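Below, read A as the first sequence line, B as the second, and so on, with proteins coming before strands; counting in each chain starts at 1. From a predicted model like this one, the values you see are computed outputs, not experimental measurements.
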Amino acid sequence: MDWGTLHTFVGGVNKHSTSIGKVWVTVLFVFRVMILVVAAQEVWGDEQEDFVCNTLQPGCRNVCYDHFFPVSHIRLWALQLIFVSTPALLVAMHVAYYRHEAARRFRRGETRSEFKDLEDIKRQKVRIEGSLWWTYTSSIFFRIVFEAAFMYVFYFLYNGYHLPWVLKCGIQPCPNLVDCFISRPTEKTVFTIFMISASVICMLLNVAELCYLLLKVCFRRSKRAQTQKAAPNHALKESKQNEMNELISEGGQNAITGFPS
Amino acid sequence: MSWTFLRDLLSGVNKYSTGIGRIWLAVVFIFRLLVYIVAAEHVWKEEQKEFECNVRQPGCENVCFDYFFPISQVRLWALQLIMVSTPSLLVVLHVAYREGREKRHRKKLYVSPGTMGGGLWYTYLISLMVKTGFEIGFLVLFYKLYDGFRVPYLLKCDLKPCPNTVDCFVSKPTEKTIFILFLVVTSCLCIVLNVTELSFLVLKKWQPIPVFLSGESHGQRNLAGYSP
């Protein structure tokens, strides 16, 4: 059980994502998870052992370390990556529910013309329309919120993204204001900035995807409005016939876009 | 043998779960197991080495650490994860038993061995109750053992061979408190999901659905989940 399992979960949803979504998954796993696992964890591996304070007073080091690093950077990143990946599960659950309904209708014999067999239902790519559009959009929205929240928490906890090489600490049981030295501050700063940049890129990708989805919907609505305006009677009859066809073959490729009315 | 073994076992349970059961599985996998492995385990890695007492008396630190942490929080967490996951295996065993019976009698006895009806319904119910029991039991144990869910930064210890009441300092108390609270919250979420699933199953009990091919209806609903 590790990041590979999360990759399998999220990768499964990837099939139904937009292209920007697929790029996001790649950036997430290559530039964030992999970097975290192969590099960042090594850099932060010895963090408390090599945190040294200029005092022999037992307990001073522990207390100072706890004060300056309430949560370690890598743990925060691990939590951020987990939280940012989980909205994709909403989409996975919705697709699974949609397939379950399609399979149930297929078994009842309602949509035999649409699919060859149950395997066909499983293999078919589900289009991002109707209620799935809302689920997908909400998942992207939550991703953006989680990214922003964690970046803020980082900034708030560590007073910025730069790690100093010396910290002054005067908490009990330290006898006076002692100097405490972090191990590898420059390397840690480099990785922090890298991870923050990757976070920003992921956030921009999510915002772009959100805009793309919204534009797609507006474009579809205006196209429909234009068709109806151009040939009102004929278009109306045709669109009504189309809607009826779609109703009959609901759950197929041309699912009704329920929301834009 | 590692956590992948548990993961593989539990993936088999997915097929026979209800919808809420699958959400429960996702919560356990991602918010408990994954968080434990990639984050929590490392926080407690050097806990005894970094436990420092303000004394040079040999043995004092060992004795104090053992007194305040009879069992490490992270080990208790691991035990909780294992105990809470295993009742689901009862369902898998029951389905395997049904399949074995069908093979022995060489005819189809059930609509499908995974259909939630008859004895399997009771097995599922019992597994839910045992899971909930374990969750609550471990939370209570945690609370009683460590006097709450907070890890203090300073502990006073006066056990032999410590010469007097010495100050002992725990390493990373804030980070440990955060992860323990995370554990408590996810545990409570799982309890809520289990109770919801329990109520859902009990309320749906009286809807008639054929389970046995003999035509006898036990009034159970097919809750075998979303995918065929």
Inset, instruction - Would you please indicate if the ring centroids of F31(B) and F83(A) are separated by under 6.0 Å? - result: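 Ring centres of F83(A) and F31(B) closer than 6.0 Å.
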Below 4.5 Å from any heavy atom of chain A, which atoms of [X] appear? Answer side chain, backbone, both or neither.
X: E50(B); value: both
X: Y36(B); value: neither
X: I23(B); value: side chain
X: C168(B); value: neither
X: V170(B); value: backbone

How about [atom1] on [X], more than 12 heavy atoms from neighbouring residues, nucleotides or ligands closer than 6.0 Å, or not?
X: L56(A); atom1: CG; value: no
X: F181(A); atom1: CZ; value: yes
X: F149(B); atom1: CZ; value: yes
X: F182(B); atom1: CZ; value: yes
X: F142(A); atom1: CZ; value: no

Heavy atoms, side chains only, cut-off 4.5 Å: are [X] and [Y] in contact?
X: P173(A); Y: F169(B); answer: yes
X: Q57(A); Y: N54(B); answer: yes
X: I82(A); Y: V38(B); answer: yes
X: V63(A); Y: Y153(B); answer: yes

Nearest-0.5 Å distance that lies between atom [atom1] in [X] and atom [atom2] in [Y]:
X: Y65(A); Y: E175(B); atom1: OH; atom2: CD; result: 6.5 Å
X: D66(A); Y: K172(B); atom1: CG; atom2: NZ; result: 10.0 Å
X: I30(B); Y: L89(A); atom1: CD1; atom2: CG; result: 4.0 Å
X: F69(A); Y: T174(B); atom1: CZ; atom2: OG1; result: 12.5 Å

Is [X] close to chain B through its backbone or its side chain, or both, or neither, when contacts mean heavy atoms under 4.5 Å?
X: L79(A); result: side chain
X: S72(A); result: both
X: E49(A); result: both

Legend entry - Side chain E52(B), main chain G59(A), donor-acceptor under 3.5 Å: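 Confirmed, E52(B) side chain pairs with G59(A) backbone.
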Legend entry - Max heavy-atom pair count under 4.5 Å with chain A, selected residue of H42(B), K45(B), K176(B), K49(B):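 That would be H42(B).
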Legend entry - Which atom of P58(A) lies closest to which atom of C53(B), heavy atoms considered: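 Closest pair (atom of P58(A), atom of C53(B), distance): CB-O, 3.6 Å.
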